[in-house]
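Shown next, in C-alpha cells, is the structure this report addresses.
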Amino acid sequence: MNPGNRRTALITGASAGIGAALARVYAAESWDLILTARREGPLQALADELRGLGSAVTVLTADLADPAAPRALYEAVLERGLMVDALINNAGFSRTAGFLHTDPADHAAMIRVMLTAPVELARLFAPDMVARSYGRIINVASLAGWMPATGGDTLYGPIKSFLIKASQGLHLELKDTGVHVTALCPGYTLTEFHDVNGTRDEVSSAYPAWMWQTAEHVARVGYAAVAANRPKVTPGVMNNVLAGLAKHLPDAVALNMVGGHAKRLKRI
C-alpha cells in the first residue's frame, strides 16, 4: 500500500465526464489519485478540488493515441515511488461522420486509446496488483458494446464490445488473486462526450430526458461493482432492458433498430 496506508487509483481520461466523476468518487472514499489525460488545465483544476478533500493527487498528462504512452505512464508512476491499486481505463472518444468520411488516423487513434492502451495498461499494472493480492480494474465500455454496431460511428461499438469481452476474460483469470476486474457499460450519460463528437443537438432531441444518467451516478455504480467483483455492470434499468433485447432479438430486427438510431443522428 502507498504511504499513509491509503490506496491509489490511476484514472485515464480524467479531465471531464465519467473520468472526473470517478475521481471524485474515489476521493470521497479516501483514495489518492493519479489523473491522466491530454489536457493539463482541467486536470490541474480537478486535482486542486480533490486535494481539498484530503487526497494526494498526481497529474500526468498523456495522449494514449501515442503507442509509447502506456509504458511511459507506467514508468512515470514507478519513478515517483507510487503504487497503483486501482486502474480505471476511461479515456475514449468517437467519430460519427461515417467510416468513409473519417480520417484513417482518427480511426487508428480510437483503436489505440480505447482498445490497445487499456490492454497494455492492464498488462503493465496487473502483475504488481497480483503480487500484492489486491487490485481493482475498471474498463469503461458502453451499452453500445452490447448492441449491434451502428452506421456512422462504425468502430465505436465493436471496440467497446472487445473491451467488455476482454474484461470478462481477465476477471475470470484473476478471480482468485484479490484483483477485481469490471466492465462498466453506461448508456447515454450527461457529459461533454456528445459535444466533442458533434452529436449534442441530435441526441438531445432524439432521446427523452429519462434515458439520460448523470456521470456521478455512473461512477458510483462502477465503484460499487468493482468492489463487489462483478465482471460487468450496466447502470440503469432501461439500459439493461435494451442490452437484453439486443442479445435476444434476431439479427435483422436488431440491425433495423440501430439503423433507425443512426438515421435519427443524421450520420448516414
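Just so it is clear, the values below take in all heavy atoms, side chains as well, and ignore hydrogens, waters and symmetry mates.
No side-chain heavy atom of D85 sits under 4.5 Å from any side-chain heavy atom of M129. Side chains of P118 and V113 form no contact here, defined as non-hydrogen atoms less than 4.5 Å apart.
A side-chain contact (heavy atoms from CB on, under 4.5 Å) with V77 is found for exactly one of V84, T58, L124, namely V84. N139 pairs in a side-chain contact (heavy atoms from CB on, under 4.5 Å) with only one of the listed residues (L87, L163, V226), which is L163.
With hydrogens and angles left out, the side-chain atoms of Y134 and D128 include no donor and acceptor closer than 3.5 Å. If you check the side chains of S15 and R39, you find a donor sitting under 3.5 Å from an acceptor. No hydrogens or angles considered: nothing links the side chains of T12 and N89 as a donor-acceptor pair under 3.5 Å.
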Below 3.5 Å, can you tabulate the donor-acceptor pairs from side chains in residues 24-31 to any protein atom, sequence neighbours excluded?
unit_1 : atom_1 : unit_2 : atom_2 : d
R24    : NE     : E49    : OE1    : 3.4
R24    : NE     : E49    : OE2    : 2.7
R24    : NH2    : E49    : OE1    : 3.1
E29    : OE2    : R220   : NH1    : 2.8
W31    : NE1    : Y223   : OH     : 3.4

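With rounding to the nearest 0.5 Å, the separation of CD in Q168 from OG1 in T182 is 10.5 Å.
Around atom CD of E173, no more than 12 heavy atoms belonging to other residues, nucleotides or ligands sit under 6.0 Å away. Counting non-hydrogen atoms of other residues, nucleotides and ligands closer than 6.0 Å to CZ of R123 gives a total of 12 or fewer.
A continuous path of Ile, Leu, Val, Met, Phe, Trp and Tyr side chains, each step under 4.5 Å between heavy atoms, connects V130 with L78, placing both in one hydrophobic cluster.
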